[in-house]
Structure formats: C-alpha cells, structure tokens
Amino acid sequence: MAGLTGRALIASRCARFFKDGDFVNLGIGVPMMCVNYLPEGVELWLEAEIGIVGCGSTPKWEDADPDIIDAGGQPASIIKGGSICDHTTSFAFIRGGHVDATVLGTLQVDQEGNIANWTIPGKLAPGMGGAMDLCAGVKKIIVATDHCEKSGASKILKKCTLPLTGAKCVTDIVTERCYFEVTDEGLVLRELAPGYTVEDILACTEADVIVPDEVGVME
Amino acid sequence: MSKEEAIAKFHDGQTIMFGDWHGEHSAEELITGMLEKGVKDISAIAVSGGMPDQGLGRLIHEKLVKDLITTHIGLNPEARDQMFAGELNVEFVPQGTFAERIRCGGAGLGGCLTPTGVGTDIEKGKQKLTIDGKEYLLELPLHADVALIKAWKADTIGNIAFRYTGRATNSYMAFAADIVIVEVEELVEVGELGPDDIDVPAPIIDMVYVRTGEKKPFCPMWQRARAKAEGGGK
C-alpha cells in the first residue's frame, strides 16, 4: 500500500508475511493492526491464548458476552467455524509448532535473533504472559517495533542488555524505517521504507547490518 | 451448599488456586466471602494478578496475599507496587509452563520438560535436559490446598460444565488441589448435563456453591468501558 508511514507501514509490511489459512497469534497494538492490511484473498485463523481458535472482531457492547473474552480480558467473538479449548491446549498449539506465525512488539532485539520484551529490572515487570512460549514454539517470529527509542537510541542491538524473552528465535524485524531478515550470518537489510537510504539505516542501527546488492522497497 | 460452608474451608496461610482470568471467569461471590472472613497470608496461584476490584486482585488490594505464582500482573498496578515494596513475593512463570505445572500437579506427574525459557533467566536453578539434541527445562508440579473454580452449571451430584472461554484455567486447576470448590451460575438436575456436556466430573469436585446475585454480571472493567463508550458524547 503506497503512502503508509510509521506504525501503519509496519503493520502493512508484517501482514504481507501471512499466507491464506495461516494460524497466527497477534498481540495487542501494532501486531493486531496487521489484520487491517491483509493482502487480497488472505484469511487467517487468529489464536487467543485464553483458548479461542478463530477470534472474530470486537463485539459491540450490546453483543458482548462475559463468557467470551480475549487474552486481555476484553470482549471477544468467535468466527463461524471457530472453536474453544482450555488453556493447556491453547499452549499445546503454541509450543507444539502448530502456530505458523506471531508478531511481537519489543523493548530490544539483536542481530542473533534474541528478543527482550518482558521486563526492565526494578522498573517494569508486568510478567511475560505467553510471550516466552510463543518464542519457544512458533515457526515465524516477526518483531514489529519502532526502530529507535524516544531518546534516539537504537532498539536493534548487537546484543540485548535486558533479560531475554526468547533466545535466537526471531526470524524477521520490521520497523518504520526498514525490514531485516534474521539469518545465521546476522541481520540482512532486505527493504527500505520510502525516504530512507542504506546510510540512514546504518547510522541509526547499533547492530551490524549486512547490505546485499539489491535492497527492495518496503510497502 | 451455603456460602458459609464453603468459606469454612478457607484458612490463613493456605495455598489457593484461583481460576480467574484478570478477575473474569471468577468465583466472585466466594471471594467476597473470603474478604468478609479476612482470610490472610494467602499463597495464591493464578494466571494473572486480577484487577484491584476484580477477582484475586480484591484480596491483593486488602493485602491478604503474601505469595503469588502467576504469569502477568500488568492489569493490577497495586500488585506491582506491593511487589516492588517487598510486600508481595511474585514468581513469574511463562503461561504455557504455568498451565503444564498445574496439569502435572493434578495428573500425578513429577514435572514436565519444556523448551520455553531455555536461554533466558527462567532457566536459573532448574535442571536442563537434552532430548534428541534439543534442550528442555524440567518444570515442577504445582498443587494447592484449595482450588476456587468458577463454572457455568453444576448438577446436583457435582458434575460441572463451562461456557466458552470460562474453561481456560478453571478446567485444569480443578484437578490440582485437595479441596475443589466451584461457584456456578445455575444448578440443574442430574441427567440435564449429558456425558458430552460435562467438563469436570463429579468425583473431582468437592463443593458446589450457587450464585445468589446476578448470574452473569459485566465485570467492573467492562462496566467502566461501556459507560465511557456510551456516555462519550455527553
């Protein structure tokens, strides 16, 4: 989609990773925004950790049912053909490799594919919820994040300094400035957001970046 | 049975599993009873810390909980403040591991091997085993003195049934405690719940309490959100 910037561009790019029929888990915020940008003909099975396979759209208050809630405790709905399971089965889907992809926000991510998004010791400790299990079991782990912190410091590092959520698990990193593929050799710059150059990315990224001969345009 | 009979089973210092999810799908009337009795020094096991006015969070609000094994307290700032002040000991467990540890506790298993947390601080102090070339952590069972469960219906001999996401953690916690107490919305005659409808069978359940208040109230978080949405234009 032309003309997108910022978080909308991140969500749009992430959505292009999905294939029709993929079984995915999307967190709140930018990850959930991906469903607004799905390519033509792509429909997903959305998983909610509480035990929904086939989450639908958020119901209106008059249709809200206290017995159908999402992972955050908000009103949820179940699509036609969707199903319910208990919480052990929900994490069997996740850990057992049955979930095709997840999109995670983060505090830090690094060139080895490590991700740290659950705590800042002494400051922030909401708990990891289901994030560590997603990191352990989902096939494609897409990190959707602002490229830098508000201070301007890079969130894409040589090595995470915060406690890890998952080790060597991230497959793709999408920011408002570029898309990196995480490979055994390191981060490969695959696409640039409109308006950014390779030099811009190298200047705002602490991690080592591999620049291939051809770098595409992110949309 | 009456609320008093159920509440008589709760004592200071017990380990108690709460089947609630951020204080929803919660045995809210029995939690009110626990508050009235002033049960304290609770070691709680729950998927989240609830909210200050919902579920387990109401007991945390009154500082009746000393230990909490959970996956997430992000919706309860009071739990966070008590943790940072050293008043509440919190052990964070990844959510899938939380489920399996309780399942082990109820299923007679000595623990489970999970890849979750390998390479993170979660592996500290735990045995690591390599099976077919992949590393796993040995996670140990969780068991409680009492499990406080919320279900939709029970029949008069104690079979219970959940509705939609209400089963989430309530279903497996029912197996992992010495005493299992269930708060239901509705009590039906034996036979009304058929074999396919029963989620947890009667021999597992010790006590059933039937709600006397509203059967399916919106939780306070929903009431606030709805009021805000509907009153937004005024």
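Naming: A, B, ... by sequence-line order, numbering from 1 per chain. Keep in mind that this is a model prediction, so the values were computed, not measured.
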When rounded to the nearest 0.5 angstrom, what is the spacing between CZ in B:F162 and CG in A:D86? 8.5 Å
Proximity of residues 133-159 of chain A to chain B, residues having a non-hydrogen atom under 4.5 angstrom: A:D133, A:A136
Parallel, tilted or perpendicular: which fits the ring planes of A:W61 and B:F218, with parallel below 30° and perpendicular above 60°? tilted
Tell me the residues of residues 111-123 of chain B whose non-hydrogen atoms fall below 4.5 Å from those of chain A, in number order. B:T114, B:P115, B:T116, B:G117, B:V118, B:G119, B:T120, B:D121, B:I122
CZ/A:R95 to CD/B:E100 distance, rounded to the nearest 0.5 angstrom? 5.0 Å
Could you give me the CA-CA distance, side-chain angles and deciding distance for B:F98 and A:T88, then say whether side-chain contact (heavy atoms from CB on, under 4.5 Å) is met? CA-CA 9 Å; B:F98 177 88; A:T88 52; over 6 Å; no
Please classify the contact of A:C169 with chain B as side chain, backbone, both or neither, using a heavy-atom distance under 4.5 Å. neither
Looking at NE2 of B:H22 and CD of A:Q74, how far apart are the two atoms once the value is rounded to the nearest 0.5 Å? 8.5 Å
Intermediate values then yes/no, side-chain contact (heavy atoms from CB on, under 4.5 Å), B:H25 and A:D67: CA-CA 7 Å; B:H25 303 318; A:D67 289 329; 4.1 Å; yes
Between A:I52 and B:Y164, does the side-chain contact (heavy atoms from CB on, under 4.5 Å) criterion hold? Intermediate values first, please. CA-CA 9 Å; A:I52 302 175; B:Y164 296 121; over 6 Å; no
Charged N to carboxylate O below 4.0 Å: is that the case for A:D65 and B:K216? no
Which region of A:S83, side chain (C-beta onward) or backbone (N, CA, C, O), has a non-hydrogen atom less than 4.5 Å from a non-hydrogen atom of chain B, or is it both or neither? neither
Please answer whether the main-chain N or O of B:V47 pairs with a side-chain N or O of A:H87 as donor and acceptor at a distance below 3.5 Å. no
Is there a side-chain contact (heavy atoms from CB on, under 4.5 Å) between B:Q95 and A:F91 once you walk through the steps? CA-CA 8 Å; B:Q95 213 168 91; A:F91 278 84; 3.3 Å; yes
